[in-house]
Protein chains: 2
Amino acid sequence: MATPERPYHHGNLARALLDAAAEVIGEMGPAQMSLREVARRSGVSNAAPVHHFGDKAGLFTALAAEGFERLADTLSAATDGSADGQVDPAEVFLEIGVAYVRFAVANRAHFEVMFRPELYHRESSDVLAAASRAAQHLYGPAADVIGDGITDDRDAGTIAWSLVHGFATLVLNGNLDTEASADPEGTVRRLGRLAFSPKGGAAVP
Amino acid sequence: MATPERPYHHGNLARALLDAAAEVIGEMGPAQMSLREVARRSGVSNAAPVHHFGDKAGLFTALAAEGFERLADTLSAATDGSADGQVDPAEVFLEIGVAYVRFAVANRAHFEVMFRPELYHRESSDVLAAASRAAQHLYGPAADVIGDGITDDRDAGTIAWSLVHGFATLVLNGNLDTEASADPEGTVRRLGRLAFSPKGGAAVP
DNA sequence: GCGCCGAACTTGTCAATGAAAAGTTCGATA
DNA sequence: TATCGAACTTTTCATTGACAAGTTCGGCGC
């Protein structure tokens, strides 16, 4: 009996290729991802992706843009959940950092591509716009924690981003201990409080 | 007139291949490094590296091990320069972080390979030993800053490593501002003081 | 309903790649 | 001086990214 064949037009090939690419990267890392393997897993010929993404770097570009979009959404949700002003701004800032780590762990393939600009067309307007939107959600709330000895909101943003980006990266490449690997969000929440709270006194409960 | 040819035995091919690999990675990133290009730049045939490194992952393994060795040496030097006990331990801890960022910027190719374990044989005893020695220099002095609200030296080490690793990574992939890119060491020294010093009071001068 | 156009594919080809096998050249040693 | 193995070179093969040419349909205008 003939196997049921996919019609000539895939119907949603771009989406399928992005998903397959994320899957391959999750298994082997960005450096070992091949267009042919991505096409195979999507059930099309090796030249099919050209119509949607142009070339390999084009596929990486789409992944990076999607990653920054998802990050911006994740950080936006972490901010908006407390927009009523009734929550300590420092706690909101902390939860944004936790959301960043949650995003990195849940979207490891995207996260690894996003921060390797040599893989993609870094001047892509989609990527630049999405990255800018994500950065706004990282730097924006930094203004709320000025006064903890840190008087420049860009400094607070850079410290926070460095901390959570470094933590996420070290967890993903297996360099931190079992607590951090087993519970990245809980660990970064605890460490973030230590790093950003008044010394010697009660931290945010 | 015949060009002067290299004798059949290169004489120091392993070293030449490591240097050429770092050069290629510096130009194109780890994902685009090819053994054939590395061999060409070393003046040998494409199969010559096999004798020294086995395969492509073997070359990456050697680069990673060398990178962790260099990092350990850099951090050791940052520690030893103040072993006489006359320097504020918090300042030593800060300078170790600065040395980490200096290493990352100066050895960008090695740094990028070191933290991508999917590229190399991560169970390599050379890599594990060198990485362990480097980690000791990162975590060791963390004990000296307990009392700043941070009561666990592993927590201090993880916060510090996350901060400087994240900062170095974000500088290298062009995500931080022009101050950080133009003066990574100065910027991370300043931010490190903010992050680790008593709030509201005089920081380490 | 038909014809047409272009989107969305497939097939075939080529140069470059990693890996492997076989062969060659020397350096070190007995 | 002869031998052995380290340290290469040459050749081959499967896979890859990219490209060109060809084919299949979906959508649209008439």
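Below, chains carry the letters A, B, ... as their sequence lines are ordered, and counting in each starts from 1.
- Residue contacts shown for A/Val44 are limited to sugar-phosphate atoms, with no base heavy atom under 4.0 Å away.
- At least one side-chain nitrogen or oxygen of A/His52 sits closer than 4.0 Å to the OP1 or OP2 atom of C/dC9.
- For D/dT9, the OP1/OP2 oxygens have no side-chain nitrogen or oxygen of B/Arg36 closer than 4.0 Å.
- Taking the side chain of B/His10 as heavy atoms from C-beta on, and the options D/dC8, C/dA8, C/dT10, the nearest nucleotide is D/dC8.
- A sub-4.0 Å separation between OP1 or OP2 of C/dT10 and a side-chain N or O of A/Arg6 is present.
- For the pair B/Leu59 CG and C/dA19 P, the interatomic distance rounds to 10 Å; values are reported in whole Å.
- As a whole-Å value, the separation of B/Leu13 CG from C/dG27 C1' is 16 Å.
- One can place NE2 of A/His9 at 12 Å from C1' of C/dC5, the figure rounded to the nearest angstrom.
- Distance from the side chain of A/Asn46 is smallest for D/dA18 among the nucleotides D/dA18, D/dT9, D/dA20.
- At whole-Å resolution of the value, CZ in A/Phe53 and P in C/dA8 are 12 Å apart.
- Rounded to whole Å, atom C1' of C/dA8 lies 12 Å from atom CG of A/Leu17.
- When the side-chain nitrogen and oxygen atoms of B/Ser45 are compared with OP1 and OP2 of D/dC8, none of them lie within a distance under 4.0 Å.
- When ring centroids are compared, B/His165 and B/Phe115 come within the 6.0 Å threshold.
- Rounded to whole Å, the distance from OH on B/Tyr8 to C1' on C/dT24 is 5 Å.
- Along DNA chain D, the nucleotide closest to B/Gly43 and the one closest to A/Asp55 are compared, and the more 5′ of them pairs with B/Gly43.
- Both the sub-6.0 Å distance and the 45° axial angle are satisfied by B/Arg154 relative to the ring of B/Tyr139.
- Residue order along DNA chain C, read from the 5' end via each residue's closest nucleotide, puts A/His51 first among A/His51 and A/Ala47.
- The closest donor-acceptor contact from the side chain of A/Arg122 to the backbone of A/Pro117 lies under 3.5 Å.
- Residue B/Leu35 contributes atom CG, which lies 6 Å from atom P of C/dA19 at whole-angstrom precision.
- Using cut-offs of 30° and 60° on the angle between ring planes, the pair A/Trp161 and A/Tyr100 is perpendicular.
- Side-chain atoms of B/Arg6 come within 3.5 Å of backbone N or O of B/Tyr8 as a donor-acceptor pair.
- Per the geometry, NZ belonging to B/Lys56 stands 16 Å off P belonging to C/dA16, to the nearest Å.
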